[in-house]
Amino acid sequence: MTNANDNSATEFDALVVGAGFAGMYMLYRLREQGMRVRVVEAGGSVGGTWYWNRYPGARVDTETMFYSYQFSSELQQEWEWTERYPSQQELHAYAKHVADRFELWPDIQFDSPVEKARWSEEDQTWTVTTGDGTQMTARYCIMATGCLSSVNTPKFKGLENFSGPVHHTARWPDGGVDFTGQRVAVIGTGSSGVQSIPVIAEQAAELTVFQRTANYVIPAHNRSLDPAEVAEIKANYPELRAKASASFSGNYFPVGGPSAVAASEEERNREYESRWQTGGLAFMAAYADFMTSEEANETASEFIRNKIRGIVKDPATAELLAPKQLFMCKRLCVGTDYYETYNRENVTLVDVSETVIDEILPEGVRVGEAVYEVDAIVLATGFDAMTGALKRIDIRGVEDASLRDLWEDAPRAYLGLAISKFPNMFIITGPGSPSVLTNMIPSIEQHVDWITDCLAHMRKQGVSRIEPDAEAQEQWVAHVNEIADLSMRATCSSWYLGSNIEGKPRVFMPYIGGFPAYVRKCDEIAAAGYTGFSFR
Ligand code: N01
């Protein structure tokens, strides 16, 4: 095995952009093939999402015995998770352990944001340029840039004039922030807001939450993992992982029933209550028709609204917190004491759905006539999802084709894995793949394995240039859109559609046909000699 353990080296077989879970595993697999690889990472450590999102209360909301790598049975057996939903710190420690165990560190270059990537038809190579002007060249370039990594900071008028600190949840200072005795504003009530609000409320003197859209929040019921339960899972990992892979979201969520409408009210409420008590994202699998029947959807919505009305003591606040949009329209949130937090005396909820945040003044936040004076602002305002991280890089393919320009109206990628006019470039969990609708780590592993097999196939065939055909790509994009239109999810406002970003075209970006169907399609394409790709 060769490695790139030479900081002055600039020529590699493959460059990988990003050292999150995708980039780390890609490095491992490429090195296994004897490639010289350099991973280029903007952050100061491995872990991607779990390096950047250090806000108070940050933790995963997928059960971690399954939100973890499965490529190494030894790793899977030796690592000890402590909680059902571990904290960011524990997930980051896991990422560092993986980097230690597989000696990934020497091949990763940190603090190096990639700004440009250019294909040279003459040399048949990619040249990547980082923020300080360093250039590196390789035959293959793999974008492991993450689906939720490009931070969205809304252009609030006057934000730069605020007299106190402004922290985005996804760029939280290392070492944390002490809000003791302070008046804090949190803007945003998606997953990051839902997790951070209860923790900030415990520390701050006063917390004002600015909510534009109320979200559905299912209790996490986080707890320490019982050693007997862990042993049982570890003893049956292959079988349990296979079950998860065979399920729609790559998570093993037993489906309660085919139709919420067909079930009696009593049955339904029993099902919902049991899932509420168990906690977590499995609530979504209670019935199979939430996204095809408004009536079915409304039964789940109303169950959760009633829970909110039961928890939140002030009826006006409870009504504000009760979501109005379809259940599962936006990404479901999982929280700890989220609704309970609004019963605290030091917490105020401000509705900015109709009267929006007009401006940030040096002393606070102005909404219409009201000024909320605060000492610090937390932006829990999310990401330019799925395309943001790629479009931020100036990526140029054949004949200087610009990815930004080609994706101006909508992202287009074959299988969400590769892009016509961008030879020898792969994207991990790109738009048009199930990605964010699934358990991310199994999805990442499937993409990385597919790319690795494809590169091995190329070597065997004696070819070194691969590019998806424009026609195959268009057909895939049409299929992705067609099935998205069958789901009510495509009618909503959410980051899945880019509607959280001003001016971003509304396109449902992930593949909604489910993990098993997608994997089948990828495998069929590979088995048939990579149909839809041209090799040279
Ligand atoms: O971001 P979001 P996030 N004025 O986009 C509001 C994953 N994740 O960082 O809904 C006022 O969901 C915006 O309002 P609206 C997970 O997949 C996972 O919370 O657009 N408000 C919304 O309330 C998640 O879905 C974990 O009307 C403004 C909020 O900001 C994804 O990341 C933890 C505004 C943004 O919510 C993103 O979550 C965290 C404005 N101008 C994240 N602009 C776990 O594993 C935006 N908002 C637990």
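Both ligands and their constituent atoms are indexed starting at 1 by order of listing. Note: hydrogens, waters and symmetry copies are ignored here, and every other heavy atom, side chains too, is used.
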Could you tell me whether F515 and F248 have their ring centroids closer than 6.0 angstrom?
-> no

Taking both backbone and side-chain atoms of W50, is any N or O found less than 3.5 Å from an N or O belonging to ligand 1?
-> no

Tell me whether the centres of the aromatic rings in Y51 and F110 are closer together than 6.0 Å.
-> no

Give the residue, atom name and distance (to 0.1 Å) of the protein heavy atom nearest atom 31 (C) of ligand 1.
-> W495 NE1, 3.6 Å

Report, in ascending order of atom number, the atoms of ligand 1 lying under 4.0 Å from any heavy atom of G382.
-> 1 (O), 3 (P), 5 (O), 9 (O), 35 (C)

Would you check whether Q211 reaches within less than 4.0 Å of ligand 1, judged by its heavy atoms?
-> no

For the ring pair W476 and Y511, is the centre-to-centre distance below 6.0 Å?
-> yes

Donor-acceptor under 3.5 Å (Y216 side chain, Q325 main chain) = yes

Could an N or O of ligand 1 be found under 3.5 Å from any N or O of D61, whether backbone or side chain?
-> yes

Should you measure from each heavy atom of Y55, which atoms of ligand 1 turn up under 4.0 Å away?
-> 33 (C), 39 (C)

Quick check: does any side chain N or O of Y237 sit under 3.5 Å from a backbone N or O of M65, one acting as donor and the other as acceptor?
-> yes

Counting from 1 in the order shown, the ligand 1 atoms closer than 4.0 Å to a non-hydrogen atom of V60 are 45 (O)

Within 4.0 Å of some non-hydrogen atom of Q195, the atoms of ligand 1 are 33 (C), 48 (C)

Given the side-chain rings of Y518 and H447, with only the six-membered ring counted for Trp, is the space between their centroids under 6.0 Å?
-> yes

Should T189 be listed as contacting ligand 1, given a heavy-atom distance under 4.0 Å as the test?
-> yes

Any idea how Y94 and Y69 line up, ring-wise: parallel (<30°), tilted (30 to 60°), or perpendicular (>60°)?
-> tilted

Are the aromatic ring centres of Y85 and Y67 under 6.0 angstrom apart?
-> no

Part of F156 with heavy atoms under 4.0 Å of ligand 1, whether side chain, backbone, both or neither = side chain

Going by distance alone, is a donor N or O of one side chain under 3.5 Å from an acceptor N or O of the other, for E90 and T82?
-> yes

Mark up the atoms of ligand 1 that fall under 4.0 Å of a heavy atom belonging to L148, in ascending order.
-> 7 (C), 17 (O), 31 (C), 32 (O)

Atom indices of ligand 1, in the order listed, that fall short of 4.0 Å to a heavy atom of G188 = 6 (C), 23 (O), 29 (C), 30 (O)

Shortest protein heavy-atom distance from atom 19 (O) of ligand 1, along with the residue and atom involved | S192 N, 2.8 Å

Relative to atom 26 (C) of ligand 1, which among A380, S191, S353, A58 owns the nearest non-hydrogen atom?
-> S191

Taking only heavy atoms of R59, which atoms of ligand 1 are found under 4.0 Å from at least one of them?
-> 44 (C), 45 (O), 48 (C)

Heavy-atom nearest neighbour of atom 47 (N) of ligand 1 within options Q325, R212, E502 | R212

